[in-house]
Amino acid sequence: MRSRKKFAGFLIGVGSLLLGLGLVSVVPSSAAAPLVIPVQGVAQGGTADHSQFEILQGPFATGPEVTAACLTCHTRAAQHIMQTTHWTWEQKVNDQLLGKNNVVNNFCIALSSNEPRCTSCHIGYGYKDKTFDFTKETNVDCLVCHDTTGTYKKFPAGAGHPVYEAREFPVGSGKMWNPPDLALVAQNVGKTSRATCGACHFSGGGGDAVKHGDLDTSLINPDRQFDIHMAADGLNFTCATCHNAVDHNIAGGRYVMQAKDTHGVDILGRDDQNRASCESCHGLTPHRTDAKLNEHVARVACETCHIPALARGDQPTKMWWDWSEAGKMNTEGAPFKIKDAEGYDIYDTQKGEFAWERNVVPEYVWFNGEIDHMVIGRQIDPTHPVVINALKGSADDDKARIWPVKAFRARQPYDPNTNLLIIPNLFPNSPEDKEAYWRSYDWIAAASTGMASVNQPFSGEVAFVESVMYWPQTHMVAPKEQALACEACHSTNGRLAALTDFYMPGRLQHEGLNTFGTVLVGVVLLGVIGHGAARLILRKNNKKS
Amino acid sequence: MKYTKRTFIYPIFERFWHWSQAALIITLGLTGFEIHGTYRLVGFGNAVSIHNTAAILLLVLVAFTIFWHFATGQWKQYVPTTQKLGAVIRYYAIGIFKHEPHPVRRTRYTKLNPLQKLVYLGFKLLIFPIMATTGLLYMFSNTLGIPISPIAFLHVLGAFLLISFFVTHLYIVLTTGRTPLTHLKPMITGWEALEEDDHAAPQAAPEPSAD
Ligand code: HEM
């Protein structure tokens, strides 16, 4: 008897000890090592003071003259640039020839026949039409990336040149563009900055915040809440901290993306020398205390939880563009604009109707890094929205992860007889260009010259089709306190409701089983209630009788 | 002749086991169905942490309990028998309404009636192993690289069966005694007033130890 008693006591003792240990382990450990944040200064400095170089004393009449001076020391720099997509606007991916020269989008649609306007974001001087000399070294624009004064700006309609005498743009707006002091700019060159990269990349789609959803001028001087990496009061990263350059070739890009970096932390001499992925710094098990979160990394892109919304900054991003509404005139028969309360265009005779939004919940897609782009000349199926860039991947594809995207929707012109998306000539390339839509407001004329410029047929008829373009989100990473909580996805009608091709706890899947279980428990409950009620009633009857 | 006698029936380990298992299973059920998406209670993340912890504790508890059953011979309580099984089923289906006496008398040697033996054995050999196996596979599904959809299906199915058992168990325990406490109290104190004959003879299981 005694020994049995001791034995029972022992079991209870061990049991409660384990219970206690178990409970302790539920309490999250808060004793993580403090994070050391290396504070970087503004990316400047270097060992050469360019203001002391005689060849940079000027005066310079044009940009190419400055480039000629740069090349006297940096003799291979132009050759480097010429290898990059910043210069070629062309990139062969699998069998598709992509790049700005060859793709169609659903913003201003395509480059061809609109060059002087679009090429104000080319890294060269003078790309005003197809005759541009891609081999001439002095056509490379060094200053647009290496200016540190903030005074050098390419003129919006200058085919890549700044203005050399004061000009107004947009014409009639009263906004004057003054020529930069090229010698001053040349003497103050330095590393690229958020502002220099942003000069083009924050204005994709023709204006601040229009295109990407995760890139706009709020990133020039962001705070920690807005961008944990670029925060001027924090890590103060520039774009090039992650988008590192090797021989002027910048890591990262949107035609092929690394949807899943399996390298982990980049080690010099061993890895792909591409730091433009979260894993390049954070590794493959980035969460220090939660193994479950690390397991998510295999199927969920970091961005999905850590970029909780699109356009988290000051600017709203464009979400909708209806070209079919363009061309209306006001009562005086003149083109006009309508602005919303904040001053953003919601109607423009030249472009149609827009919708802007900030803090938008992204859409989510499986994405393995491969993109099928709409290229000039590919037929569409006008009975469905045209997918401009189909992001490939599915739950069954091991290379794919769930990514947040901005889905940009539009209605854009197509030829209902050939089922080709129309490349319209929008921008008047010269005083003689009477067909351009922004002068003629005539889709037929604009389509004729535009399609001719890419050697595509045009039947003479224009219709409009809905389209969608996906922008995987990678920037504006929020501090970890703002990362999505589990319920954002693990709930009925959560953020991943549209992704139904896999099982995920929290969203009441296995419907048949749920029905069966509910009925089973219901029947059992009713059964015991009925049983009990019958007993009560029969007992009363018994007593009475 | 018959008389009731205060009898020591549940040794302390058995009571500890019963109540901690009950607490853990209720916790697992509540958090489990939150994980499933049936309702929101403590938040998905918390539900997962609590569920995982409770599951591990339950496994440890059960490991000890299995050991206890064999070390004390109490496992024999669960050896199924068909003797009087029909009578017990008939009792719950008909006799209970007519105020007939329960056909099987509890003694400290046979704590479980034949129907209970069968149901509890089913719980131990079927439902619990399903829950533990699918639960562990669920827990390590990423490491093992196995799909969770079928695992979750079986785990949730088991959970529904378990709830059905739980409801029936509560109904019988709380309503078939003279008062709701009649059957509850012994599981707390260990002592129960049992009907005994003069000539009650020791049967399958050995006498439980008194404290
Ligand atoms: C030793 C036993 C058990 C183990 C090891 C276990 C383990 C697990 C695990 C790992 C999960 C998935 C959590 C996640 O999403 O990460 C889970 C879910 C769940 N558990 Fe358990 N569990 C056990 C017992 C139970 C019991 C006793 C019940 C019910 C009474 C239960 C009900 C559920 C339910 C309903 C889910 C949600 C499944 C889904 O919707 O996918 N579990 N369990």
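Hydrogens, waters and symmetry mates are skipped; everything else that's a heavy atom, side chains included, is used. Every chain is numbered from 1 and lettered A, B, ... according to where its sequence line falls, protein lines coming before strand lines.
- Contact of B/I56 with chain A is not made at all, since no heavy-atom distance falls under 4.5 Å.
- Looking at B/L157, the atoms closer than 4.5 Å to chain A (heavy atoms on both sides) sit in the backbone and in the side chain alike.
- Contacts of A/D290 with chain B are absent, with no heavy-atom separation under 4.5 Å from either backbone or side chain.
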Using side-chain contact (heavy atoms from CB on, under 4.5 Å), reason through A/R535 and B/I96 one step at a time and then give a plain yes or no.
CA-CA 7 Å; A/R535 283 167 57 203; B/I96 192 168; 3.5 Å; yes

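- The greatest number of non-hydrogen atom pairs below 4.5 Å with chain B, out of A/A298, A/C486, A/A485, is found for A/C486.
- The CG atom of A/L525 sits 12.0 Å away from atom OH of B/Y171, with the distance rounded to the nearest 0.5 Å.
- Residue A/N493 places its CG atom among 12 or fewer non-hydrogen atoms of other residues, nucleotides or ligands, all under 6.0 Å distant.
- Summarising the geometry of B/F160 relative to A/T518, their closest heavy-atom pair is CE2-N, 4.0 Å, with the distance given to 0.1 Å.
- At a 4.5 Å heavy-atom cutoff, A/F502 makes no contact with chain B through either its backbone or its side chain.
- Residue with the most contacts toward chain B among A/V523, A/L536, A/V528: A/V528 (heavy-atom pairs, distance under 4.5 Å).
- Rounding to the nearest 0.5 Å places CZ of A/R539 at 12.5 Å from CZ of B/F97.
- Between the CG atom in A/L520 and the CD1 atom in B/I163 there is a gap of 9.0 Å [rounded to 0.5 Å].
- A donor-acceptor distance shorter than 3.5 angstrom exists from the side chain of A/E487 to the backbone of B/F44, with no hydrogens or angles considered.
- Residues B/S149 and A/Q509 form no side-chain contact, since every pair of their non-hydrogen atoms from C-beta on lies 4.5 Å or further apart.
- Note: B/T175 OG1 to A/H531 NE2 = 8.0 Å, rounded to the nearest 0.5 Å.
- For B/T176, the parts sitting under 4.5 Å from any heavy atom of chain A are the backbone and the side chain alike.
- No more than 12 heavy atoms of other residues, nucleotides or ligands shown are found within 6.0 angstrom of CD on A/E511.
- Between B/Y138 and A/P505, some side-chain heavy-atom pair lies under the 4.5 Å cut-off.
- Residue B/Y92 places its OH atom among more than 12 non-hydrogen atoms of other residues, nucleotides or ligands, all under 6.0 Å distant.
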Under the criterion side-chain contact (heavy atoms from CB on, under 4.5 Å), I'd like the reasoning laid out for B/H36 against A/L508: C-alpha separation, chi angles, the key distance, then a yes or no.
CA-CA 6 Å; B/H36 189 53; A/L508 273 178; 3.7 Å; yes

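- Within a 6.0 Å radius of NZ in B/K124, more than 12 heavy atoms belonging to other residues, nucleotides or ligands are found.
- Only the side chain of A/H510 has a heavy atom closer than 4.5 Å to any heavy atom of chain B.
- A search for side-chain hydrogen bond (donor to acceptor under 3.5 Å, both in side chains) contacts involving A/H296 returns nothing, not counting sequence neighbours.
- Per-residue counts of heavy-atom pairs under 4.5 Å with chain A were compared for B/E34, B/E14, B/R40; the largest is that of B/R40.
- Across B/G37 and A/T492, no two heavy atoms sit closer than the pair O-CG2, 4.0 Å.
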Assess the residue pair A/K292 and B/N142 against the criterion (side-chain contact (heavy atoms from CB on, under 4.5 Å)); give the C-alpha distance rounded to whole Å, side-chain angles, the decisive distance to 0.1 Å, and a yes or no.
CA-CA 9 Å; A/K292 198 50 157 186; B/N142 289 317; 3.9 Å; yes

